[in-house]
Structure formats: C-alpha cells, structure tokens
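Reckoned from all heavy atoms, side chains included, excluding hydrogens, waters and symmetry mates. Proteins come first, then strands; the chains are lettered A, B, ... in the order of their sequence lines, and each starts at number 1.
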Number of protein chains: 2
Amino acid sequence: MDTSDDLRFDRGDGTPGRLRRQLSRLLGMTSAQASRVASEALAPLGAHKAHFVVLAVLAEGGPASQSEIADRARIYRSDLVAVLNELAEGGWIVRAPDPADKRRNTITITDRGRGRLAEIEAVLDDVNDRVMAPLSEAERAQLFSLLGRVNAHLASGGGASPAP
Amino acid sequence: MDTSDDLRFDRGDGTPGRLRRQLSRLLGMTSAQASRVASEALAPLGAHKAHFVVLAVLAEGGPASQSEIADRARIYRSDLVAVLNELAEGGWIVRAPDPADKRRNTITITDRGRGRLAEIEAVLDDVNDRVMAPLSEAERAQLFSLLGRVNAHLASGGGASPAP
DNA sequence: CCGCTTGCGTTAGTCCCACTAACGATGTAG
DNA sequence: CTACATCGTTAGTGGGACTAACGCAAGCGG
C-alpha cells in the first residue's frame, strides 16, 4: 500500500523530519481534524460535543450536581453552565435545586434527553468509524490503548518539567 | 481506596463507556496535555512551537517564500506573518524582498537561527520523551504510525460527511 | 498598451477550546 | 459567631485553526 493519495500533509514532500518526530504536532493536527469532522456532523442536529458528554454522564451515572458532572465529564464548571442551559432549553435535562443543600442543583436527564443522547451517539459512532476507517479493529484498539496510556500518564502529572 | 488524587481523568471510575469509545475526545485531551507540556517547556526560552516549525522548515528546505513556508509548515499565511516578525526580531531569520518577484519575500535562516533551532529542538525532544515515557520504543513507533495513518486519511478528505 | 485574473504578504477578525479569577450565596468547623 | 470551604455563575484570557478582504505586483489575452 503506497501513499499515492494527494495528501497535503506529512508526506515525504516538504515536511522536515524534525517535525515528524514531534508527537504533539501530530496529535494536534489529528485532533483538530477529528474534532472538525465531529463538529460538522453534529451541526445539522444543532448539537455540540459537550452535550453528548454531559448527557452520557447523566445517563450512565444518574442524577448529579453540577460539580459532580464537571468531574465526571472532565469539563470545567464554568463551561458547564452554558451547556446545561442549552440542554435545559431543549428539555433534555432538568435542573432542580437540591433541597438538602441549597447551593447545589440536581441535574437529571429526561426521557427526551435519552432520545437525544441516542441520536447524538449514532452520529458520533459513525464519525468515529469514518475517522478510523483506515485502521483494522485490532489497530483501533491499539491506538486507544496507546493514547490512553499516554493520556493517563500526562493526567497524573507525568509530563511535568523537572525541578529547575 | 478513594480517588483523592486530582486526576480528573479517564480512570474507569466515573467516565461513561460511551465517552471512552470516542476517539476525538481522547485525542483532544491528550493533545491538549501534550501541547501544554510543550508550551511550558518552551516558555523559559521565550519560544513558541511555531518558531520551531518554521525554523525547521527553513533549515531543512532552504530559503523560501512565505507561502512556501506556509505550505511546508502547514501554517496559515496569515498566522505566519507574526511568527516571522518575532523570528526576525530575534535575528534568527532574514526577510528580504525577492528581486525576481517583487511580491515575494525570501526568508533565510541565519546562523543564530540554526543555533536557536538546535536549542528548541533539544527542549522539544526532551518533552517528547517525557510525554511518551510509559511507551516502549516499539510502541512509540506504533503510535506514530497509527496516528499518521488516521491523520493522512483525514487530511485527504477521508472523514467528510456523506452526501445529504 | 489595457484590462483581467491570479498569487503574494498583510491586517483584521471569527470561532472554538482549555483554563483562571472572582463573587454572592450557602454550607461546615472551630 | 467567626473563619473557611464549596457551589453555581459571570467574565475574561490565551492559543490555535480558519476566513475575508485589501493593496500590490505579475502574467496573460486581446
């Protein structure tokens, strides 16, 4: 299998070898492309990726406070506010004050929300499939595993700069 | 055993399975972390990643016009302007009008520029190493290969949405 | 020569994302 | 009661990808 496609990317043509060694560059480019594909696929639905994330968290973890959602969904509480507003406006979640602790809101996914989640999930699964089209099943698993390990390592402070 | 660590990441605990299936999410998180590590490492030098990219292109490809650089470095011409200004201010490149075509500038890397490139490269190589610390050599190659293939696929329009 | 189109560098500005700071209201500990 | 921590919220930063439009120069067809 040769690289006969007219990719304008990292092929032998003009890309210096130094650049190809940089993981962060490759990650960045790939991430940007994948993200773009996903966003474009969700656009017709009027949905954002954050919607999916939050709905998934609520569907699988049950009702939760906003900071709980933020923790689980790996979203900042500050950004979560707008997302929840949009989701509430669509009737996909309910934001109700927690009687036990008046600081908290208890967020619950609605039935419509579950439908919405399924809808979004279908789109994103398809996107995932298109993005990873050139990879076999085993390779996809490999990619997830490798990325996951790097990610976990970085998340646990593994990449911090050494003491000065 | 509580999750008192402040890894707010994907560790099986609260992250729904649906989210873990999404490559773009994993890519995004990992890319953001890696990018952050790189930026922090470059900060003490007063350097940006774009500096590295442009210097590398010039060092390996020889003098070039700005749009040529933009093509090779996979940067937008509009963004390139500021980068070249900074590089010129540091004396790492020279921007001279092309006598053959007065619309063009010919950009050339200086000796100081080559020194700067080496300096930045050393930092970034170290970053790369720290980021991929948990992976063996073979696994790193695997990761590059897999990412590269996905990236190439996306770059050649592989992930476009089907006709509506 | 004249107009037309194309490519070049530049300016400005948009959108999205990760991230921080601060604040009022509420809860908790001493 | 006082001091402090937490919750939701608002606002704003910084960077990266990307677009639009402009002035200028080159090239081409007539």
Side-chain angles (χ1 to χ4, degrees), chain A residues 8-9 24-40 42-43 47-54 64-71 73-88 93 95-107 151 154-155, chain B residues 6 8-9 24-25 27-40 42-43 47-54 64-71 73-88 93 95-107 151 154-155:
Chain A
R8 336 157 263 175
F9 258 67
S24 78
R25 180 176 157 79
L26 184 54
L27 270 176
M29 294 191 313
T30 314
S31 170
Q33 298 290 333
S35 180
R36 165 183 274 255
V37 171
S39 294
E40 283 174 357
L42 288 179
H48 293 294
K49 282 178 287 186
H51 294 185
F52 172 70
V53 173
V54 170
S65 73
Q66 297 191 192
S67 36
E68 221 173 320
I69 296 177
D71 285 351
R74 183 74 201 143
I75 285 184
Y76 283 79
R77 279 168 302 168
S78 39
D79 298 328
L80 187 57
V81 178
V83 176
L84 290 181
N85 286 340
E86 293 166 17
L87 289 176
I93 62 154
R95 213 208 232 111
D98 183 341
D101 185 340
K102 291 183 181 174
R103 293 171 303 177
R104 299 189 195 199
N105 294 329
T106 299
I107 316 295
N151 185 56
L154 292 176
Chain B
D6 77 311
R8 329 156 261 179
F9 260 69
S24 77
R25 180 177 157 80
L27 271 177
M29 292 191 315
T30 314
S31 170
Q33 298 290 332
S35 179
R36 164 183 274 256
V37 172
S39 294
E40 282 173 357
L42 287 179
H48 292 294
K49 282 180 285 187
H51 294 184
F52 172 70
V53 174
V54 170
S65 74
Q66 296 191 192
S67 35
E68 220 173 320
I69 296 177
D71 285 351
R74 196 68 207 147
I75 286 184
Y76 283 79
R77 283 170 301 166
S78 38
D79 297 329
L80 187 58
V81 178
V83 176
L84 290 182
N85 286 340
E86 293 168 17
L87 289 176
I93 61 155
R95 214 208 234 111
D98 183 342
D101 185 339
K102 291 183 182 174
R103 293 171 302 179
R104 297 189 198 200
N105 294 330
T106 300
I107 315 296
N151 185 57
L154 292 176

Exercise. Closest heavy-atom contact between I69(A) and A64(A)?
Worked result: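 Minimum heavy-atom separation between I69(A) and A64(A): CG1-CB, 3.9 Å.
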
For this session: Could you tell me which non-hydrogen atom of S31(B) sits nearest to which non-hydrogen atom of S31(A), and how far apart they are?
Result: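 Where S31(B) meets S31(A) most closely, the heavy atoms are CB-CB, 3.9 Å.
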
To the nearest Å, give me how far apart [atom1] ([X]) and [atom2] ([N]) are.
| X | N | atom1 | atom2 | value |
| --- | --- | --- | --- | --- |
| I107(A) | dT9(D) | CD1 | C1' | 13 Å |
| L154(B) | dA17(D) | CG | C1' | 15 Å |
| L80(B) | dG16(D) | CG | P | 14 Å |
| D101(A) | dA5(D) | CG | C1' | 12 Å |
| D71(B) | dC8(C) | CG | C1' | 12 Å |
| R104(A) | dG8(D) | CZ | C1' | 12 Å |
| R25(A) | dG16(D) | CZ | C1' | 13 Å |

Whether [X] contacts [N] is assessed here as follows: a side-chain N or O lying under 4.0 Å from the phosphate OP1 or OP2. Is that the case?
| X | N | result |
| --- | --- | --- |
| S78(B) | dT10(C) | no |
| R36(B) | dG15(D) | no |
| Y76(A) | dA18(C) | no |
| Q66(B) | dT10(C) | yes |
| S67(A) | dT6(D) | no |
| N85(A) | dT9(D) | no |

What nucleotide, of [options], holds the atom closest to the side chain of [X]?
| X | options | answer |
| --- | --- | --- |
| R103(B) | dA26(D), dT19(D), dG27(C) | dA26(D) |
| D79(B) | dT10(C), dG16(D), dA17(D) | dA17(D) |
| R95(A) | dT19(D), dG27(C), dT9(D) | dT9(D) |
| A32(A) | dG8(D), dA17(D), dC8(C) | dA17(D) |
| K102(B) | dA26(D), dC17(C), dG8(D) | dA26(D) |
| K49(B) | dG16(D), dG9(C), dT20(C) | dG16(D) |
| R77(A) | dC18(D), dG27(C), dT9(D) | dT9(D) |
| S39(A) | dT9(D), dC17(C), dG9(C) | dC17(C) |

Problem set entry | Backbone of I107(B) reached by a side-chain donor or acceptor of N105(B) within 3.5 Å |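 No, because the side chain of N105(B) does not come within donor-acceptor range (under 3.5 Å) of the backbone of I107(B).
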
